[in-house]
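In this chain, residues are counted from 1 in sequence order. Values reported hereafter were calculated over all heavy atoms of this structure, with side chains retained and with hydrogens, waters and symmetry mates removed.
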Amino acid sequence: MLVAVLAISCEKEESSTQFYWEQTKCSDPWGTGENNTNTETVLAVTKYLEDEGISVLNVEFDNNSELDSLCESCGCGTGKRILLIVPEQDYSDIESLNFVRK
């Protein structure tokens with residue numbers, strides 16, 4: 001029984017590994033930015049990643065971006081990070097697209 005509990009705990013820990021992307025004002029590869037809603041961004045990110053062969057299990061946002069959001073260029077931040085959960089088999093693929101493991 002202890003082995004089963006440990007196995008479940010490990011599965012939960014692995015399945016909750018998040019990746020993040022520092023959202024920019026307008027230079028993210030899926031074409032959304034500060035003028036788009038979170039819903040529009042979720043749809044665009046999901047389609048982008050699925051087109052790259054990556055399954056998306058969950059998408060959320062937080063306000064912990066470290067990009068400068070006071071500047072006005074396209075590559076400046078919005079103040080948001082896009083948080084993603086993907087299956088373990090897609091970890092290396094999402095990292096190759098410059099998503100960062102949290």
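- At least one side-chain heavy atom of Leu84 sits less than 4.5 Å from a side-chain heavy atom of Val45.
- Contact detail for Leu57 and Pro87: the closest heavy-atom pair is CD1-N, 3.7 Å.
- Ile82 places a side-chain heavy atom less than 4.5 Å from the side chain of Thr41.
- Residues Gly79 and Ser69 come closest through the heavy atom pair N-CB, 4.0 Å.
- Cluster annotation: Val59 is connected to Phe99 through the hydrophobic network of ILVMFWY side chains, with a link wherever side-chain heavy atoms come within less than 4.5 Å.
- A continuous path of Ile, Leu, Val, Met, Phe, Trp and Tyr side chains, each step under 4.5 Å between heavy atoms, connects Val56 with Phe61, placing both in one hydrophobic cluster.
- Counted by atom type alone, Asn36 and Glu34 present zero donor-acceptor pairs between their side chains at under 3.5 Å.
- Contacts of Tyr48 classified as ring pair (Phe, Tyr, Trp, His ring centres under 6.0 Å), with partners at least two apart in sequence or in another chain: Trp30.
- Rounded to the nearest 0.5 Å, atoms OG (Ser96) and CD1 (Ile54) are 6.0 Å apart.
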Problem set entry | Test log, rule side-chain hydrogen bond (donor to acceptor under 3.5 Å, both in side chains), inputs Glu40 and Thr32 | CA-CA 8 Å; Glu40 292 169 326; Thr32 62; over 6 Å; no
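- Between Ser55 and Val86, the closest side-chain pair of non-hydrogen atoms is not below 4.5 Å.
- Rounding to the nearest 0.5 angstrom, the gap separating the OG1 atom in Thr17 from the CD atom in Glu88 is 7.5 Å.
- In this structure, a donor-acceptor pair under 3.5 Å is present between the side chains of Thr78 and Gln23.
- Leu43 and Trp21 sit in two unconnected hydrophobic clusters of ILVMFWY residues. Membership requires side-chain heavy atoms under 4.5 Å apart, directly or through other members.
- A distance of 11.5 Å separates CD in Glu22 from CG in Asp68, rounded to the nearest 0.5 Å.
- A cation-pi arrangement is absent between Lys102 and Tyr20 under the rule of less than 6.0 angstrom and at most 45 degrees off the ring axis.
- Hydrophobic clustering of Ile, Leu, Val, Met, Phe, Trp and Tyr side chains at less than 4.5 Å, counting indirect connections, keeps Leu67 apart from Leu97.
- Pairs passing the ring-ring contact (aromatic ring centres under 6.0 Å, His included) check and including a residue from residues 63-90, sequence neighbours excluded, do not occur.
- No side-chain donor-acceptor contact under 3.5 Å links Lys80 and Asn64.
- The heavy-atom pair separating Thr46 from Val42 by the smallest distance is OG1-O, 2.7 Å.
- Hydrophobic clustering places Val100 together with Leu83 (ILVMFWY residues linked when any side-chain heavy atoms are closer than 4.5 Å, directly or through intermediates).
- Put simply, the side chain of Gln18 does not reach to within 4.5 Å of the side chain of Arg101, judged on heavy atoms.
- Within a 6.0 Å radius of CD in Gln89, other residues, nucleotides and ligands contribute more than 12 heavy atoms.
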For this session: Could you please spell out the steps behind the salt bridge (charged side-chain N to carboxylate O under 4.0 Å, His left out) verdict for Lys25 and Glu72?
Result: CA-CA 8 Å; Lys25 294 191 179 201; Glu72 292 301 321; 3.7 Å; yes
